[in-house]
Amino acid sequence: MARLLAAILLAWLITAGSVAAQADRPLADPTAEHRALALHKELRCLVCQNQAINDSNAELARQLRQIVRERIAAGDSDEKVRRYVVDRYGDWVLMRPPFKWSTALLWLSPALLFALVVAIAIVQVRRKRGTRAEPPLSTEEQRKLDALLSSDDRVRP
Amino acid sequence: MIPELGHFSVILALVVAIVQGTFPLVGTSRRVPSWTAVAQPAALAQAALLAFSFACLTYVYVTSDFSVLNVWQNSHTEKPLLYKISGVWGNHEGSLLLWVLILALFGAAVAGFGRNIPPVLRARVIAVQGLVAVGFLGLLVFMSNPFERVVPAPLEGNGLNPLLQDPGLAFHPPFLYLGYVGFSIAFSFAIAALIDGRVDAAWARWVRPWTLAAWTFLTIGIALGSWWAYYELGWGGWWFWDPVENASFMPWLAGTALLHSAIVVERRDTLKAWTVLLAILTFSLSLLGTFIVRSGVLNSVHAFATDPSRGVFILAFLVIAIGGALTLYASRAAKLAPGGLFAPISREGTLVLNNLLLMAATGTVLLGTMYPLFLDAVTGEKVTVGPPFFNSTFAPLMAPLVILMTIGPMLPWKRGDLSGALARLKFAALLAAITAALTLYVTAGIPPLAVGGIALGTWVVGGALADVAERWGVGRVQWRDVVARAVNTPRAALGAAIAHAGVGVLILGITGSLAWETERLEAMKPGQSVEFAGYTAVFDGARPARGPNYDAIRGTFRIYQDNALIAVMEPETRRFANPPMATTEAAIRPRFGGDIYIAMGESTGDGGFAARLYRKPMIHWIWSGALIMVLGGLLSLSDRRHRVGAPARRAAAAALAPAE
Amino acid sequence: MTWRVLVPLAVFVVLAVALAVGLTLRPREIPSALIGKMAPTFDLAPVKGRATGLSSDDLRAGTPTLVNVFASWCIPCREEHPLLMDLARTGRVLIVGINQRDEPEAAERWLAAFGDPYSRTGADRDGRVSIEWGVYGVPETFVVDGRGCIQYKHISVLTRDVLEREILPRLRGERQVRCDG
């Protein structure tokens with residue numbers, strides 16, 4: 001076990017060693033760098049659990065950040081940069097899933113749920129309109145209410 | 001010896017839970033008083049057994065007894081005492097023990113303090129608590145024994161994930177669990193009511209304080225978690241829509257809905273079936289969250305080390321508990337007689353609409369969280385549903401809700417008139433309009449959505465103020481009478497207004513911090529300076545430093561404003577040896593205009609370092625908003641009408657006791 | 001009783017089934033976007049001390065090839081290495097290696113210590129070629145057909161089972177994916 005630990009530690013040290021050469025080198029042009037940062041937040045880090053490449057210390061994330069900068073510097077549009085990464089790693093890297101038939105339910109769900117809310121509200125209003133506005137408490141209701149409230153003497157009716 | 005006692009105590013607690021879950025249910029339905037009477041002592045005994053067991057686990061952690069597998073895997077002698085203790089719940093087994101302990105403490109609180117609850121209802125509530133405990137204790141005893149030994153005992157432990165060695169995160173799980181598990185009481189009350197076939201105003205009055213307490217704790221837990229993410233993860237973010245974050249957020253949304261619909265049941269004796277359903281759903285979402293965190297079905301930064309057999313067990317438990325509860329609901333809901341009618345424009349009307357919107361938002365979060373899994377299961381396709389999806393769908397659903405939450409309190413029960421309510425909100429509307437105009441004036445080119453957010457936040461804060469002013473009769477009666485009214489205002493009403501204002505502050509914080517954030521990423525060499533957001537940062541270089549259980553590279557940045565030195569900031573990158581891991585320790589300096597936030601990355605190899613510099617205005621409003629919500633919740637809980645809520649707070653204090 | 005009270009239960013049943021299926025899935029394994037695509041164009045110098053480097057042209061020479069991505073700092077690579085050695089000894093499979101982000105000396109020492117099953121190696125010092133291949137973890141293993149089309153990718157350690165079930169049949173030309181590149 002101790003040997004395994006030592007091996008893991010060693011592996012980590014070596015990985016960490018090669019990390020140094022790959023630090024972020026921001027673009028000199030602030031607008032371009034700004035675009036790069038926005039893209040970094042939209043691309044998912046592959047080796048991390050659930051982070052954007054912007055939010056990861058992982059070597060691969062750092063490298064992808066740099067690639068995004070290179071593509072931008074080479075004159076690629078944001079869409080082309082995304083395409084570049086998707087071509088290699090698939091749609092999975094996009095933090096914003098693309099709209100297609102398999103994600104239609106996902107993208108439409110908020111609108112559908114909202115429509116459902118509106119529908120329920122309309123049905124309720126219709127139903128209520130059928131009945132007249134409620135009369136004041138009946139004696140029976142008043143009696144029940146009093147009984148309930150008297151069980152809790154400190155409450156004002 | 002101590003670990004064995006702890007283990008034995010857990011097994012005993014399982015036996016007691018089985019008794020607690022069965023005898024009172026049979027006793028109440030067959031009218032056998034002696035069986036019914038088992039409920040209270042069983043609940044108290046279960047809490048005592050689990051408290052003892054938890055104390056045993058804490059003891060072996062504090063004494064670094066590495067002959068216990070769990071301690072060896074998650075602790076280390078060099079770890080500071082606080083993190084030896086928080087290590088108890090920094091892993092699957094220990095956190096599960098904390099979970100059932102809190103569950104048992106809530107059960108015991110009902111047994112010990114719920115004197116005004118009818119005996120039959122109380123016995124049933126305790127029994128359902130017992131049944132829930134059986135599931136989790138089963139998992140603990142059969143698949144996740146925290147007291148398992150290692151032979152021979154290793155000399156040193158593996159240590160705790162350094163990201164978790166932080167005060168914010170040390171107390172995040174206990175509060176989160178107090179929230180999650182607190183909703184079990186509402187669940188148990190719902191099941192008991194369904195068995196009984198009766199829900200009335202009194203039922204709602206017993207359920208409300210427990211729900212409010214759980215909601216308050218959950219709010220604290222979520223806020224602590226997001227604060228931790230902000231200063232510890234080193235990327236300046238505070239909410240990532242990670243599955244585990246969503247797992248805690250969904251019960252919060254549903255619990256918020258429950259909190260409000262229970263008021264309608266109490267005051268108007270209507271909306272009963274819906275409220276019972278919400279009580280079931282809220283706790284079901286808590287259980288689902290537990291499954292997500294512990295089964296590994298979804299990718300998450302925070303998930304525990306996973307084991308598929310545990311996932312199967314928890315899923316089976318979920319099916320029994322949630323499936324059973326919903327089946328019971330389907331068969332009994334019709335029996336819950338609908339109560340008083342109300343006009344669409346009335347306080348009930350807005351509460352219903354808000355409930356629906358909250359559940360639509362919950363549904364969106366649920367679908368977004370589970371969609372990668374659904375799609376993988378159906379087509380094998382892998383997608384990511386990340387923050388851009390949630391940000392662009394959640395906010396539009398929240399906007400109408402936020403507008404309504406201010407109008408609602410201004411409407412009377414049963415039927416109201418909208419123009420009257422809006423007239424009383426003139427002040428809030430005016431305030432929102434002025435702030436929005438000011439925002440546009442101050443920041444040219446600010447996105448319209450941000451202006452909308454600012455307007456909404458101000459509207460909510462203004463509406464809460466208007467609500468209080470209305471109650472106190474400000475502007476309508478003599479000042480002396482205002483004072484008299486202020487003194488007599490029910491704390492629950494004041495608490496609600498404060499909590500609403502907290503939501504407004506939170507919205508302002510979120511919007512402001514997003515709209516006015518300045519972010520700068522720079523590769524800096526010693527002596528180099530960089531301008532950002534009106535500040536000049538000078539990098540003086542980095543040097544090695546040593547912490548109690550890590551080595552660090554500590555950078556020094558001098559921050560100037562108008563040529564005056566205003567701060568010296570020292571971000572670090574830390575390397576821990578046990579377990580081998582690197583973390584980024586950002587330096588944060590709160591200023592009036594917002595936080596200055598500097599995180600230092602890796603060396604560029606030529607003496608330089610990659611540095612991220614941010615100015616984050618209004619970021620603290622986010623947590624201040626949450627804190628205000630919590631204060632509102634606590635004030636409301638202290639209302640005499642909620643006095644059955646007192647035990648919940650005491651239970652909370654007891655639950656935290658072993659941690660201190 | 002109306003149908004409406006059954007809605008929550010129905011939704012939960014769907015959710016539970018999905019969760020049950022979810023337990024059998026591996027969310028961390030992302031299928032390659034390059035299956036059915038031509039292997040990327042690259043040209044790598046050999047690992048220190050070897051003569052033959054690796055380029056995309058070598059993968060289009062007509063023989064199906066097993067492309068293994070490895071590194072000396074990768075602990076799991078040691079686990080699958082004997083399997084690759086066995087495979088190389090049979091002489092029936094062409095195996096090439098991409099050595100990812102390694103120090104030249106370390107890679108050389110590693111091959112000397114554990115054996116060299118590769119007929120060609122490419123030293124991907126900066127990891128850029130690996131990114132072209134969509135590699136995100138080491139080890140990963142690709143099956144490339146004789147025309148240079150990527151047929152299959154296995155993530156993490158190779159096992160004999162995966163080899164027999166998924167890889168060898170594809171190297172023999174069975175279960176081919178049509179290539180559109």
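Residue numbers begin at 1 in each chain, while the letters A, B, ... track the order of the sequences.
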Inset, instruction - Please look at A:S56 and chain B and tell me whether the side chain, the backbone, both or neither of the residue comes under 4.5 angstrom of a heavy atom of that chain. - result: backbone

Inset, instruction - Tell me, for B:L521 versus chain A, whether the close heavy atoms (under 4.5 Å) come from the side chain, the backbone, both or neither. - result: both

Inset, instruction - Hey, could you give me the OG1/CD distance between B:T384 and A:E42, rounded to the nearest 0.5 Å? - result: 12.5 Å

Legend entry - Top of A:A121, A:S102, A:A52 for chain B proximity - count of heavy-atom pairs under 4.5 angstrom: A:S102

Legend entry - Residue A:L105 versus chain B: region with a heavy atom under 4.5 Å: both

Inset, instruction - To the nearest 0.5 Å, tell me how far B:L397 CG sits from A:L113 CG. - result: 7.5 Å

Inset, instruction - Compare all side-chain heavy atoms of B:S392 with those of A:R96 and state whether any distance is below 4.5 angstrom. - result: yes

Inset, instruction - Tabulate, in ascending numerical order, the residues of residues 350-358 of chain B having at least one heavy atom closer than 4.5 Å to a heavy atom of chain A, or enter 'none'. - result: B:L353, B:L356, B:L357

Legend entry - Largest heavy-atom contact set with chain A, pairs under 4.5 Å, which of B:V378, B:I345, B:L367: B:L367

Inset, instruction - Give, as side chain, backbone, both or neither, the part of B:P400 having an atom under 4.5 angstrom from any heavy atom of chain A. - result: side chain

Legend entry - Residue B:R612 versus chain A: region with a heavy atom under 4.5 Å: side chain

Legend entry - B:E522 bridged to A:R25 by N-O distance under 4.0 Å: no

Legend entry - Choice from A:D91, A:L37, A:V118 maximising heavy atom contacts with chain B below 4.5 Å: A:L37

Inset, instruction - Look at atom NZ of A:K100 and say whether more than 12 heavy atoms of other residues, nucleotides or ligands are closer to it than 6.0 Å. - result: yes

Inset, instruction - Would you mind checking which part of B:Y371 comes under 4.5 Å of any heavy atom in chain A, side chain (CB onward), backbone (N, CA, C, O), both or neither? - result: side chain

Inset, instruction - Look at A:I120, A:V93, A:N54 and state which one has the largest set of heavy-atom pairs under 4.5 Å with chain B. - result: A:N54

Inset, instruction - Could you tell me the separation between the CZ atom of B:R520 and the NE2 atom of A:H34, rounded to the nearest 0.5 Å? - result: 12.0 Å

Legend entry - chain B contact via A:L106 - side chain, backbone, both or neither, heavy atoms under 4.5 Å: both

Inset, instruction - Hey, could you give me the OG1/CZ distance between A:T103 and B:F374, rounded to the nearest 0.5 Å? - result: 15.0 Å

Inset, instruction - Identify the two heavy atoms, one from A:D55 and one from B:F240, that lie closest to each other, and give their separation to 0.1 Å. - result: OD2-CE2, 3.3 Å

Inset, instruction - Quick one: which of B:A360, B:A361, B:G601 has the most heavy-atom pairs under 4.5 Å with chain A, could you say? - result: B:A360

